[in-house]
Amino acid sequence: MFAGKLKRLIPALGMALVLCTSITTVSAHHVPEAKFDPDKPMQLRGSVSKIDWLNPHVHLFVEVEAGGTTTSWAVELENTLELRRNGWTSSTLKSGDVITVQGMAARDNSRQVWGESVIVESTGQRVFTVSPAVPPVYANGPTPRWPDGHPRLGAPAGQGGGYWDFPSKSSLMEDGVEVVMDSSGLLANIEDADNVAPFQPWALDLYKYRQQNFLRDDPMFTGCKTQAGPRIFQRPYGVRLLEEIDHNRIRNFWGDGNQNWRTIFLDGREQTGRPEGNSEDPLYWGHAVGSWVGDTLVIDTIGFNDSFWFSNGGLPNTPQLHLIERFSRPDLATLHYEVTIDDPSAYTRTWTSSWDMVWVPDAELPVYYCQDNRP
Amino acid sequence: MLHDLVNFDLWTCDACFRSINRNKGLVPARDNNKSNPMNFHAALRVTCRIWLALLLVSVAHAQEGHPMSGVWVGDWGLDGAQQKRVVVVLDWMGTKLSGTINPGPNAIPIKTATVDTADWTLHLEADAQNSNGQPVSYVIDGKLDDLGTYNRSLAGSWNVGAEHGTFSITRQ
């Protein structure tokens, strides 16, 4: 079971209220334990010299005096979107403010600490606290539709904005399997690894290695590489499916990770993706062709490279990856996403995973730019 | 990195060509034809460079899939002898690992390739001919280091017939 559940209450009068208690990912970057050691708690006190208000993580630079010597420390916090959502800004602290920090020390023994608690000495106020985002609450309704009867994957007619967020699963696992994971896809019990998917032996061993090392080698974290495949629908900050009716295609945008997007062709063109990558495409997202089957949009994608992780939690994939994605919208507030994974070089058979997402109306996709403070 | 690999092929092709044609008496101990870009030697070097560049481009994106897949470059050498540059190309497809040692005109196809993912050790076997045209068997055993990084490395024993040596290669 996951960190939260999606619950829907339907009053007797037929007006459905969407009340969701799912807990979503709070960090769009690395799992803190990948860089910081929970078994090495520490505390420091010093004066703020600089606030680096940039993604993927905000940093406070603090001058710490001890034994007559002053050393510089970096306190790592959440990203700017999470801090702003919780009411904090780059002006919350100013140079010279004295703070006390409690957190986890860096695994490499550098002068860095993950700031679990930051208290301003002059006021006693605890700052930069972050609570998980929660889905919006509003009156649910029927599936909005285009004039031809197909479900709309975006806002209802006459409305603008909106996107899908708050996935009910934070990582891939085969439908019917129940294992405990956190919001980043880290297993609570590594012994559950072989239950997650029908891995080939090498893929299971690699998955365990990635899990045991707190996903530290995730290329999204080490190099701001894009998410691709089903991971697009499990990252924070949502997705938008922009239907370009006149051009028979869909642009799939997402808020996390440098405002990347992919194209889904609905014009009946031939699937020309190749396992080694399609030279027409950026290669991370393969070549996607789709069509409506009743009220379900079915998308066939092949031609991925293997320069990305296709799931939170580090399930392996190879260039032989072939995905069948199915999108349906049973009501206004719900997008049901189902993906069938066919990667004969990593898994022993095809398998399926599915989850729901919540419609966030009248809002624009958040902008999270991973490479903000990269050289 | 890619530039280094493209230039490396010059050594590989040059050494291969000299080895072949010295035995046939076609090339003197020193190459005195460097000033003539139109000779056959130069044409073969260009061909080798193009071939290897195409190979490297085709596998350049292999990163996060099977940890052994990709182009590995480094050195090998028999005990007491000078280290030699080597390129090993490995590819995991389906449930099998395959590959080539020193792709090019004197490529050595890998006959057996297995990996034990319990400890990420690699075993390769290949058959080739030595400079005298005699058959020799290569048996290569190595252990993967830095599994999660892009430039992971393999090192271990590199045996040719009855002679023993070592190798160290890094994924490009």
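As the structure is a computational prediction, the values presented were derived from the model and not from experiment. Every heavy atom of this structure was used, including side-chain atoms; hydrogens, water molecules and symmetry mates were not. Proteins come first, then strands; the chains are lettered A, B, ... in the order of their sequence lines, and each starts at number 1.
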Check: Gly94(B) main-chain N/O paired with Gln200(A) side-chain donor or acceptor under 3.5 Å: yes
Short question: side chain of Trp202(A), backbone of His66(B) - any donor-acceptor pair under 3.5 Å? no
Rounded to the nearest 0.5 Å, what's the gap from CH2 on Trp92(B) to CG on Asp306(A)? Could you check? 14.0 Å
Which atom pair, heavy atoms only, marks the closest approach of Asp205(A) to Trp120(B)? CB-CZ2, 4.1 Å
With rounding to the nearest 0.5 angstrom, report the CG to CG distance, Leu147(B) to Leu206(A). 5.5 Å
Is there a side-chain contact (heavy atoms from CB on, under 4.5 Å) between Gln63(B) and Lys225(A) once you walk through the steps? CA-CA 12 Å; Gln63(B) 293 185 27; Lys225(A) 291 287 184 77; 3.4 Å; yes
Rounded to the nearest 0.5 Å, what separates atom CD in Glu64(B) from atom CG in Asp217(A)? 8.0 Å
Contact class of Lys208(A) relative to chain B, heavy atoms under 4.5 angstrom: neither
Between Arg216(A) and chain B, which part of the residue has a heavy atom less than 4.5 Å away: side chain, backbone, both or neither? neither
Under 4.5 Å from any heavy atom of chain B - which part of Pro319(A): neither
